[in-house]
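Just so you know, these numbers come straight off a predicted model, no measurement behind them.
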4 protein chains.
Amino acid sequence: MSSKNLIESALMQMNLKEKRTDKQQRIVEAAIKIFAEKGYTATSTNEIAKAAEVAEGTIFRHFGTKENLLLSVIVPFLMEAAPIVADEFIKGVVSKPYDSFESFLTAIIKNRFAFLEEHIDIFKILVAELLNREDLRQYLMKMFEQKALPVFGAVLDTYKQRGELLDLPNATLLRMLGTCIFGYCISRFAFFPNSKWDDEAEVENLVRLILQGIGASK
Amino acid sequence: MSSKNLIESALMQMNLKEKRTDKQQRIVEAAIKIFAEKGYTATSTNEIAKAAEVAEGTIFRHFGTKENLLLSVIVPFLMEAAPIVADEFIKGVVSKPYDSFESFLTAIIKNRFAFLEEHIDIFKILVAELLNREDLRQYLMKMFEQKALPVFGAVLDTYKQRGELLDLPNATLLRMLGTCIFGYCISRFAFFPNSKWDDEAEVENLVRLILQGIGASK
Amino acid sequence: MSSKNLIESALMQMNLKEKRTDKQQRIVEAAIKIFAEKGYTATSTNEIAKAAEVAEGTIFRHFGTKENLLLSVIVPFLMEAAPIVADEFIKGVVSKPYDSFESFLTAIIKNRFAFLEEHIDIFKILVAELLNREDLRQYLMKMFEQKALPVFGAVLDTYKQRGELLDLPNATLLRMLGTCIFGYCISRFAFFPNSKWDDEAEVENLVRLILQGIGASK
Amino acid sequence: MSSKNLIESALMQMNLKEKRTDKQQRIVEAAIKIFAEKGYTATSTNEIAKAAEVAEGTIFRHFGTKENLLLSVIVPFLMEAAPIVADEFIKGVVSKPYDSFESFLTAIIKNRFAFLEEHIDIFKILVAELLNREDLRQYLMKMFEQKALPVFGAVLDTYKQRGELLDLPNATLLRMLGTCIFGYCISRFAFFPNSKWDDEAEVENLVRLILQGIGASK
DNA sequence: TATGAATGAGAATTCATTCAT
DNA sequence: CATGAATGAATTCTCATTCAT
């Protein structure tokens, strides 16, 4: 039922993504749209085939199973969403340090919001699948520990040394940052994507919440 | 396709909840367990029947449709989770005011965490359904505006007057509080319910984040 | 599937019909109404129970099976519809002969029309069941041969001797009479019961058709 | 519940009938056979699938629903049975007039008997469905009024002028003709298809009944 | 490579019937 | 007598997947 090995599958997808034919692309796009709308299980391959204007058999010729089609949607997103962040940071954010944690935070939040806005449907699919797939959860936690923690840890240390951050363990800081930002993203992008949000103000508020909280200075 | 009127259905469920027979109860409990584990759509009524040790027909005699069984799980939870909170507050928290916003916040977060911990499976089901059901989203937003906003607004006003809170619009404050706490709950209860969490410390950290943020001396 | 022995069952029903309790009567009436409307197979016992305002179990307490309920509707009708006719004829029509075949025919057609009008729903049910139940067909044919043929045969002979009827074999005459009248009844009572019919004129036309046909002067 | 629009559906069927694949044809044939034998509601798709030697899913792939399979049986029959009759008459019977109403009547009765004999099962199905489906009844009545009445009306007028027919309103004449012939068909083809009938003699008798009745000349 | 007809296992739901109360 | 909860077999229909063309 669950994918044999998510990561192996991931690596295979990596190579394939670029090389998608027109029909493959149409299938993936149709799948993303309908999976996001109705949920993976509630979506039939027949529906996807119609939306993609291909024969049902074509889906299976290219993706083998319905679950594999799902992974072909999720995995490239994960690949792009997370590790690349790390790489960017090493080359970009971290090495070319921002003058304050605030501007750093603002930059990264804006960056990730833009990314999610672009891939809002896949994000919804991912959130839904996380609820039911232990393998995905494990995978995400591992990525967090192996990729995010070290890279962001270094960043946090820098700002802690500058006295801009509370002197809490990085794991704690990151978990708080993570749940707060992730929670915001879920509310905004997954649950209420149709509400109108004032982008500028929202980011500003979120950054202030994270940095100063909502308590008044005493 | 979707339930005709979620709220009407809700009120009817209210009365019925107490009067559940033994078998009905077993069905509901089995449904909660499996829905949470695999998702509503991926769960078959046959599976539920086996887990509840009843005949499949019995499910339909009592709940009519599979969807109605889902509502019989979700709706009483919503009824219990939200409006009662408001009532409790009017009679409890608000009228018997805490000596500080911090202790108020700590109290309510602990209270809601305990509630969610008790109903962790239903919470997962609710989160999953929120992703696909517009009616549920609408219902929750309406409850937020009609119930939470006025009651909590009054509370916030009190503390603002005492100078314990930033002077931001209540809607803004509540949205920030809400997404932050809700996000935390989703991470903790829905996505990673199996991780070990140090309750005391977590609540403390969350309250500090909300009140002071993670930024150091201003 | 089919009733063990329609005739045995029939005789048992005979006795029971008079002795029906209130609930039994309500069940039979509800069954007649719904069977006629939707057909026997498409009607559920649950439906009947609701319409009769009894518990579903009550139906089975009294009638054993759904099929037996059907027979409890059909059989008394057959008993009343056919043999009694014969008896009436022996005592009434035949022995107190009408002055012409025309008045005889008019009398009997009016009489049977009135009877059918009164039992229009059961007639519909009977017609529907005749299509699928060989036993019913056999039963009807046997009744025709054993009861109707001799009795009516005598009547026909009388009028043939008087020179009012073509000198054809009784079987032929009766089959023609039968299909013609029966066909008319089906059209009128089973297929188009809601159309408005001018009773007087219809009977008159039917009698004329049977006696003179629609051909003009010979 | 009932078909949205029988006539629309009808026209769509028209085109499709010719293009039936082998399996579709086998399904339709099996359906006709079993529907006629046991009735539509009492027939399961599983049964049809077995008789047609296809998988049950194949039925639904081609016909969508069981009811639609029923329509795929009935509608082409209606299309072929009725309007074409009218056309044939305009080009055949009416324009190439018979020398007497008797020969005309004999011709048409023979023609329709042959048609029914060929499609005896579908006729049974149609008769059974007429009992429960208002839409079918409406459709037939409309066809009678729009198609049969004008065309046959003209024919009757012709023979009335020649003095071969009673001077009754066409509607009356046709209703009498119709119920008489239809009644005969139902008896013969639907109720007692297995009895042995002497074709020649039967038609002759029926025509005589219609033209002269069974009364002796006075 | 692409198709779409065919499949059969499995889904939700219905239903006649039983039986303890 | 009457009830209605409980049953599980049967029913209609869906769906991922296969395969001949």
Base-pairing string, 5' to 3', of DNA chain F - Watson-Crick or wobble, under 3.5 Å, | interstrand
.||||||||||||||||||||
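- Side-chain contact between D:L70 and D:R133: present, with at least one pair of heavy atoms (C-beta onward) separated by less than 4.5 Å.
- Residues satisfying the side-chain hydrogen bond (donor to acceptor under 3.5 Å, both in side chains) criterion with B:E56, sequence neighbours excluded, are B:T45.
- Look at NZ on B:K38: it is 8 Å from P on E:dA11, rounded to the nearest Å.
- Without hydrogens or angle criteria, A:K124 side chain to B:N132 main chain gives no donor-acceptor distance under 3.5 Å.
- Between the P atom of F:dC15 and the CD atom of A:E47 lies a distance of 8 Å, rounded to the nearest Å.
- In terms of position along DNA chain F, the nucleotide closest to C:I59 lies nearer the 5' end than the nucleotide closest to the other residue of the pair D:Y40 and C:I59.
- Checking each of C:Q24, C:Q25, C:K23 against C:T21 for a side-chain hydrogen bond (donor to acceptor under 3.5 Å, both in side chains) leaves exactly one that passes, namely C:Q24.
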Verify side-chain contact (heavy atoms from CB on, under 4.5 Å) between B:V73 and B:D121, making sure each step is shown before the conclusion.
CA-CA 10 Å; B:V73 165; B:D121 278 343; over 6 Å; no
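- Taking 4.0 angstrom as the limit, D:T58 places a side-chain polar atom (N or O) nearer than this to OP1 or OP2 of E:dT7.
- If you take CG of B:N46 and P of E:dA12, they are 8 Å apart, rounded to a whole angstrom.
- Looking only at distances, no side-chain donor or acceptor of B:K66 sits under 3.5 Å from a matching main-chain atom of B:S44.
- For D:Q25 and E:dA5, the CD to P distance is 17 Å, given to the nearest whole Å.
- The listed nucleotides are E:dA2, E:dA11, E:dT7; the one nearest the side chain of A:K23 is E:dA2.
- Under 4.0 angstrom from either OP1 or OP2 of E:dT1 there lies no side-chain N or O belonging to A:H62.
- In this structure, the separation between CZ on A:F63 and OG1 on A:T58 is 10.5 Å, given to the nearest 0.5 Å.
- Atom C1' of nucleotide E:dC15 and atom CD1 of C:I34 are separated by 15 Å, given to the nearest angstrom.
- Summarising the geometry, the separation between NZ on A:K50 and C1' on E:dA2 is reported as 18 Å, rounded to the nearest angstrom.
- Between D:K50 and D:E47, no side-chain nitrogen of the basic residue sits less than 4.0 Å from a carboxylate oxygen of the acidic one, so the salt-bridge criterion is not met.
- Nearest to the side chain of C:T21, among F:dC1, E:dA6, E:dA2, sits F:dC1.
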What's touching nucleotides 17-21 of chain F from the protein side, N or O pairs under 3.5 Å?
from	atom 1	to	atom 2	distance (Å)
F:dT17	OP2	A:K66	N	2.8

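- Comparing D:A55 and C:A42 by the nucleotide of DNA chain E whose heavy atom lies nearest to each, the residue mapping closer to the 5' end is D:A55.
- Ion pair A:R26/A:E29 not flagged as a salt bridge, since none of the NZ, NE, NH1 or NH2 atoms sits closer than 4.0 Å to an Asp/Glu carboxylate oxygen.
- When heavy atoms are screened at a 4.0 angstrom cut-off, B:T41 is found touching no nucleic acid atom at all.
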